2 protein chains.
Amino acid sequence: MTSEDARPDGSGRRVTLAEVAERAGVSRSAASFALNGRLDQRLSAETMARVRRAADDLGYRANVTAKTLRTGRSGTVALVSDFVSSTSFANSMVRGALERLREAGLLLFTVDTQGDAEVEQRFLDDLIARDIDGILYASMFTRRVEVPASARRVPLVLMNCEATEGPAVSSVIPDEEQAGAAAAQLLLQAGHDRGIWFVGTFPPGRTGGDAWHAWGPMALPLRLRGLRDALQDAGTDLAGEVAIDDDWDVRNGFAAAQRLLADGVVPRALVCINDAVAIGVGNALRRAGLHVPTDVSLVSFDGGLLAAASDPALVSLRLPQVEIGRRAAELLLEHGEARVERLRMPPTDGASIAPPRD
Amino acid sequence: MTSEDARPDGSGRRVTLAEVAERAGVSRSAASFALNGRLDQRLSAETMARVRRAADDLGYRANVTAKTLRTGRSGTVALVSDFVSSTSFANSMVRGALERLREAGLLLFTVDTQGDAEVEQRFLDDLIARDIDGILYASMFTRRVEVPASARRVPLVLMNCEATEGPAVSSVIPDEEQAGAAAAQLLLQAGHDRGIWFVGTFPPGRTGGDAWHAWGPMALPLRLRGLRDALQDAGTDLAGEVAIDDDWDVRNGFAAAQRLLADGVVPRALVCINDAVAIGVGNALRRAGLHVPTDVSLVSFDGGLLAAASDPALVSLRLPQVEIGRRAAELLLEHGEARVERLRMPPTDGASIAPPRD
DNA sequence: CTGAAAGCGCTAACAA
DNA sequence: TTGTTAGCGCTTTCAG
């Protein structure tokens, strides 16, 4: 038998349960029970073995479509997101989910909607029409989302976002506020108590508007709150904030740091909204003759590729994406009470923090 | 009608074609023809409209599982890879494929095998048992792969890899050799004709062995050949090669450059096997007091996030991942003759190349 | 132009 | 213990 053929006799057709039953000399139901290991049907061990052997001989594979039609369960789950599967940024969530689902023998559908509600609706309709057993609904940025009603028709867990209607729907998100506090702790422990700036707030008078600002990301306010609260608990506060008017990328981080330096500020530590901004900030510092970490300490958030590639490597509060994906899949499988879980953002081990100069 | 309900009457059950037919006062077959727009059946326009209206009124969604069982076509494709969907590196291929498949109304199953042949076999069996319409078989590194026979049972296109059995199976891969030549051209055009080193060959006497070396990546030999051929065409050659014994990452790039400099070599240009290595090399150069690009020019391959984050931004021959994904999906849909397509790797626009000093 | 009926491959209630 | 049978919801042939 070549494995390229559907069956040993070389014909293209796939082997059906009826053929297995016939070969084993039993009824189709007996064959079905035997192959599904249904002990409650009290088949004789001998019959079971005979059916199994027949199935092996014929290279039988159950037709999952037929099984799904009959049972209503497909053994599939869909990952519905804006950009998660198609961009590298939050992509590790897919890994976590994939791992856990595989352990449970489930297959994953992947769709990205590019943030288009109509596209999303069509995908959801199509997926539900395929009897998917559950939905993992993910967002690239941590934010509040309005979950389409049709997604509620099957078990649902949100990844990296929270439902506007609150904890009625399960979700797994990074603990942004804890991360903000952790950033503060790292600096405080190194001896920093002043000259600490934050890079990456919205420009004054602007809380949204175009592009992703309109999506209401939760990261900024929560990180900032955790950071300030922790600093204040230690009897200090931020020296100031530097706004970024657009994407949190390398170029804008660079520009923000240049503006700060041009104002004559000599920061001792900078907390950056993400790794890309921190890299840009680091580039600007270097060009200004300032050395990280001896002149200026740097902390950021994300803990991705860029943090590791930076010289020195960045201390960054890592988004626990794999863990989010895995845990969300877990909750989906558990089928328990709805709940919101916040996962710790641990620091990467970098070398961008040192005690202040003086 | 709340869209949360399966049907207007609020019951959980989904609306079936039979119910639509009944409401429209036609037979199930007529309803089927109308909803599938089968003009060949010459239904009266009036009937068609009536059926459509009934379907709308009831919120009818065809049960795709039943349709699949009947037709043998599921409207799904599977992306089977080692690590592509679960890591950020080659992930943009998913985007390209996803885009093209969506245009064709197909849904995508995503599975990653972590390079485990047994896991892969199980996934393939499961997918085929679900009547998938095709397979996109992808590899994270460009390499030759042994495609499991069972994958050949459905239309198949390889992404970023070539089948060991040659062009009998379609594949879309980056044109690595062209990229090597392009790297040479970029340097030659800037006036470089000597002191050009390559960073990232295998160590002497080692062509494989552990980890990914065993997977036989095609990138290195092809890039190197394109590079050397182009240099030789211009009457020059590499000044030498620097080996990297392990992953092509930032740390190893750093170490390689330090070794080179410790040997007293003063390179004028370095061609690095990928962006990460180039970043490491850049870090080492900077620490040695050498400035990119005025003292040393840098070119690399990949053209990813890191190339853009580098300061200065790297000139890098970009892996056309989105294009590979899109084109592979295209070939899968076309159903034409098997063929191997090589896609150009265009240079990113960076600032890491300048004319040599002297 | 429309309707009846077969059947895709499987599961599970029920009968023997 | 085993076998018969009725569907799951849809498409499609064929007869009207």
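Keep in mind the model is a prediction, meaning the values are calculated, not measured. Each chain gets a letter, A, B and so on, in the order its sequence line appears, and its residues count up from 1.
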Trainee: When the distance from CZ of A:Phe33 to P of D:dT4 is rounded to whole Å, what number comes out?
Mentor: 14 Å
Trainee: Expressed in angstrom and rounded to an integer, what is the separation of A:Glu46 atom CD from D:dT1 atom P?
Mentor: 12 Å
Trainee: Between A:Glu19 (CD) and C:dC8 (C1'), how many Å, whole number?
Mentor: 13 Å
Trainee: Among C:dG9, D:dG3, D:dG9, which nucleotide sits nearest the side chain of A:Asn63?
Mentor: C:dG9
Trainee: Output the rounded distance in Å from CG (B:Leu69) to P (D:dG7).
Mentor: 17 Å
Trainee: Take atom CD in B:Glu46; do more than 12 heavy atoms of anything else shown fall under 6.0 Å from it?
Mentor: yes
Trainee: Would you say the side chains of B:Thr113 and B:Asp82 form a donor-acceptor pair under 3.5 Å?
Mentor: no
Trainee: C:dT11 phosphate, OP1 or OP2: any side-chain N/O from A:Asn36 under 4.0 angstrom?
Mentor: yes
Trainee: 5'-most contact on DNA chain C: B:Val26 or A:Arg73, nearest heavy atom basis?
Mentor: B:Val26
Trainee: C:dG9 phosphate, OP1 or OP2: any side-chain N/O from A:Tyr60 under 4.0 angstrom?
Mentor: no
Trainee: By nearest atom, which of the nucleotides C:dC10, C:dC8, D:dC10 is closest to the A:Ala62 side chain?
Mentor: C:dC10
Trainee: Just how far, in rounded Å, is C1' of C:dC10 from CZ of B:Arg130?
Mentor: 14 Å
Trainee: Of the listed nucleotides (C:dA6, C:dC8, D:dG7), which one gets closest to any side-chain atom of B:Arg28?
Mentor: C:dA6
Trainee: Of the listed nucleotides (C:dT11, C:dG9, D:dC10), which one gets closest to any side-chain atom of A:Leu17?
Mentor: C:dT11
Trainee: More 5' along DNA chain C: B:Ala66 or B:Arg50, using each one's nearest nucleotide?
Mentor: B:Arg50
Trainee: Which of these, A:Ile132, A:Val80, A:Leu79, sits in a side-chain contact (heavy atoms from CB on, under 4.5 Å) with A:Phe109?
Mentor: A:Ile132
Trainee: With a 4.0 Å cut-off on N to O distance, would you call A:Asp126 and A:Arg130 a salt bridge?
Mentor: yes
Trainee: Between A:Arg70 (CZ) and C:dT11 (P), how many Å, whole number?
Mentor: 9 Å
Trainee: Kindly determine whether B:Asp131 and B:Thr68 satisfy side chain to side chain donor-acceptor pair (under 3.5 Å), including the steps that lead there.
Mentor: CA-CA 8 Å; B:Asp131 301 317; B:Thr68 300; over 6 Å; no
Trainee: Look at B:Thr47 and C:dT2 and indicate whether a side-chain polar atom (N or O) is within less than 4.0 Å of OP1 or OP2.
Mentor: yes
Trainee: Is any side-chain N or O of A:Ser29 under 3.5 Å from a base N or O of D:dG3, one able to act as donor and the other as acceptor?
Mentor: yes
Trainee: Heavy atoms under 4.0 Å, any strand shown: does B:Val64 hit a base, just sugar-phosphate, or nothing?
Mentor: nothing
Trainee: OP1 or OP2 of C:dT11 versus the side-chain N and O atoms of A:Ser32: is any pair under 4.0 Å?
Mentor: yes
Trainee: Just to confirm, is there a sub-4.0 Å distance from OP1 or OP2 of C:dT11 to any side-chain nitrogen or oxygen of A:Lys67?
Mentor: yes
Trainee: What is the distance, to the nearest angstrom, from the CZ atom on B:Arg61 to the C1' atom on D:dG9?
Mentor: 16 Å
